[in-house]
There are 2 protein chains.
Amino acid sequence: MREFLKTKGYKMTPQRELVFRSFFELGEHVSVDELFDRVKRIDKAVGYSTVWRNLKLICEVGLAREVTVGDGVTRYDRVTRKPHGHFYCLNCKSLQEFDLNEIAGRLSKVATAEKFATESFKVEIEGVCQSCRDKENKKAKRTLSTSPKISRTKPSRQK
Amino acid sequence: MREFLKTKGYKMTPQRELVFRSFFELGEHVSVDELFDRVKRIDKAVGYSTVWRNLKLICEVGLAREVTVGDGVTRYDRVTRKPHGHFYCLNCKSLQEFDLNEIAGRLSKVATAEKFATESFKVEIEGVCQSCRDKENKKAKRTLSTSPKISRTKPSRQK
DNA sequence: TCACTAAATGAAAATCAATTTCAATAGCAA
DNA sequence: TTGCTATTGAAATTGATTTTCATTTAGTGA
């Protein structure tokens, strides 16, 4: 990894090494805060900006990619993993994955037809996951009459 | 529209009417700021929060949907339009659309197979559009040796 | 028509994630 | 080792989004 970065003009440092390693240990839909938490557990002197910058760097050198689902927090996925889409549960905010093999093929065709040079795909299905629907059904009696209002909440940064 | 909102428990106001009308006049990938600008042209007493809240309301009652591409600005699409994906040009930040008819069908199947209750799809292809590539090719000689660094810029709110 | 109540408004402030600044530190090539 | 430059950590800044709060107003029922 040290050599790989050198070819791209970057130096290796203990902090960088720790951030990279931690990211690849987590691997799926990692947010800066999650990664920061994990890094802190090993070395609590490492700063948030260092984690952030190195996560960006991991993307920059092509080892990860941003995933932006609708909750305002950017997450990162390893690119070595095979193409997949995401189910985003509007209720519990969880992410599940699904395979994208044939769909990716079709998307490529569409892009080519439109003379668009594809860099990456992003396929998301928003809805409600099975376990949330099961829970909803159980307490359906209680909430029959309340009309839904605008939700103004957002998940907050984990301290 | 007044009646439609009443059934959902909302009142009609001149400001709301203006925001709704302006949104449907714009229609595609509308950001809060764009909508705010348009509303202001007709009535500059209308506040930003009113525009924001009513845009959220349009989503809430099911007439629009958020589109989040990777540039940090949330945009909104009418849901009455037929399903489409987006090409997002990483270079000029433009959005183009493409038809999603068959792909949507496949996604539905995947969702059903996973017992996921689909609310909406989001399909984006990031890359470089044709006109940007044409421009890139023309000035290719100039930029052969510069190695790409992390981009730290973001489009700023339009005043 | 009038009065009442809950919803809506507008300005300003708060929030929150993302990004930058800056002074100090530390890789790495010569 | 020396010098140059990238990197770091803390704090500040940015920019979009969301909330607060005092005031106004729509829609309901008398």
Side-chain angles (χ1 to χ4, degrees), chain A residues 1-3 5-20 30-36 39-40 43-57 59-61 66-76 147 149-159, chain B residues 1-3 5-20 30-37 39-40 43-61 66-76 147 149-159:
Chain A
M1 180 57 72
R2 179 177 230 97
E3 287 310 308
L5 285 178
K6 200 193 289 183
T7 66
K8 305 251 179 182
Y10 299 103
K11 296 173 179 174
M12 181 48 84
T13 66
Q15 295 94 332
R16 177 160 292 166
E17 170 137 35
L18 177 54
V19 173
F20 272 57
V30 182
S31 67
V32 180
D33 292 306
E34 282 165 9
L35 185 55
F36 181 48
V39 166
K40 258 195 314 194
D43 180 354
K44 56 183 189 314
V46 178
Y48 181 90
S49 4
T50 297
V51 173
W52 178 82
R53 280 186 287 232
N54 280 302
L55 194 40
K56 284 290 195 185
L57 180 62
C59 293
E60 185 66 27
V61 299
E66 294 193 352
V67 182
T68 51
V69 281
D71 71 348
V73 180
T74 304
R75 293 172 170 275
Y76 298 82
S147 70
K149 292 297 176 183
I150 296 174
S151 165
R152 291 174 178 171
T153 53
K154 235 184 161 180
S156 58
R157 178 179 290 182
Q158 291 148 27
K159 296 287 158 53
Chain B
M1 180 56 73
R2 181 176 230 97
E3 288 308 308
L5 285 177
K6 199 194 289 182
T7 65
K8 305 249 180 182
Y10 299 103
K11 297 173 179 175
M12 182 48 83
T13 66
Q15 296 93 332
R16 177 161 291 167
E17 169 136 38
L18 177 56
V19 173
F20 273 57
V30 182
S31 67
V32 180
D33 292 305
E34 281 166 9
L35 185 54
F36 181 49
D37 285 346
V39 165
K40 259 195 311 193
D43 181 356
K44 56 184 189 311
V46 178
Y48 182 89
S49 3
T50 298
V51 172
W52 177 81
R53 279 185 289 230
N54 279 302
L55 193 41
K56 285 289 194 186
L57 181 62
I58 292 170
C59 293
E60 185 66 26
V61 299
E66 294 192 352
V67 182
T68 50
V69 280
D71 70 348
V73 180
T74 305
R75 295 173 169 275
Y76 298 83
S147 73
K149 292 295 177 184
I150 295 174
S151 165
R152 291 175 178 170
T153 53
K154 236 182 161 182
S156 59
R157 179 180 290 183
Q158 291 146 26
K159 294 288 159 50

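Residue numbering restarts at 1 for every chain, and letters A, B, ... go by the order of the sequence lines. Source: prediction; values computed, not measured.
Nucleotides of DNA chain D nearest to B:M12 and A:D43 differ in position, and the one nearer the 5' end is that of A:D43.
A salt bridge links A:K56 with A:E66: the distance from a Lys NZ or Arg NE/NH1/NH2 to an Asp or Glu carboxylate oxygen falls below 4.0 Å.
With distances taken from any side-chain atom of B:W52 to the nucleotides D:dG9, D:dT18, C:dT9, the minimum falls on D:dT18. For B:V73, the listed nucleotide lying nearest its side chain is D:dA16; candidates were C:dG10, D:dA16, D:dT7. Of the candidates C:dA18, D:dT20, C:dA8, C:dA18 carries the atom nearest the A:Y48 side chain, counting heavy atoms from C-beta on. Closest to the side chain of B:T50, from the set D:dT8, C:dG10, D:dA10, is C:dG10. Distance from the side chain of B:T13 is smallest to C:dT9 among C:dT9, D:dT8, C:dG27.
Not a single donor-acceptor pair under 3.5 Å links the side chain of B:R16 to the backbone N or O of B:N54. Put simply, the side chain of A:R75 never gets that close to the backbone of A:T68: no donor and acceptor are under 3.5 Å apart.
Listed pair A:N54 / D:dT7 fails the phosphate criterion, with no side-chain N or O lying under 4.0 Å from OP1 or OP2. For A:K11 and C:dA26, the shortest distance from a side-chain N or O to OP1 or OP2 is not below 4.0 Å. Between B:R16 and C:dT9 there is a side-chain N or O to OP1 or OP2 distance below 4.0 Å. A:R2 has no side-chain polar atom (N or O) that falls below the 4.0 Å cut-off from OP1 or OP2 of C:dG27.
The distance between atom CD of B:Q15 and atom C1' of C:dA8, rounded to the nearest whole Å, is 8 Å. A:L5 has its CG atom 14 Å from the C1' atom of C:dC28, to the nearest Å. Residue A:F20 contributes atom CZ, which lies 9 Å from atom P of D:dT8 at whole-angstrom precision. Atom C1' of nucleotide D:dA10 and atom CZ of A:R53 are separated by 10 Å, given to the nearest angstrom.
Expressed to the nearest 0.5 Å, how far CD of B:Q15 lies from CZ of B:R53 amounts to 10.5 Å.
Taking both residues in full, the closest heavy atoms of A:S31 and A:V73 are given as CB-CG1, 3.9 Å, listed atom of the first, atom of the second, then distance.
With hydrogens and angles left out, the side chain of B:T74 and the base of D:dA16 share no donor-acceptor pair within 3.5 Å.
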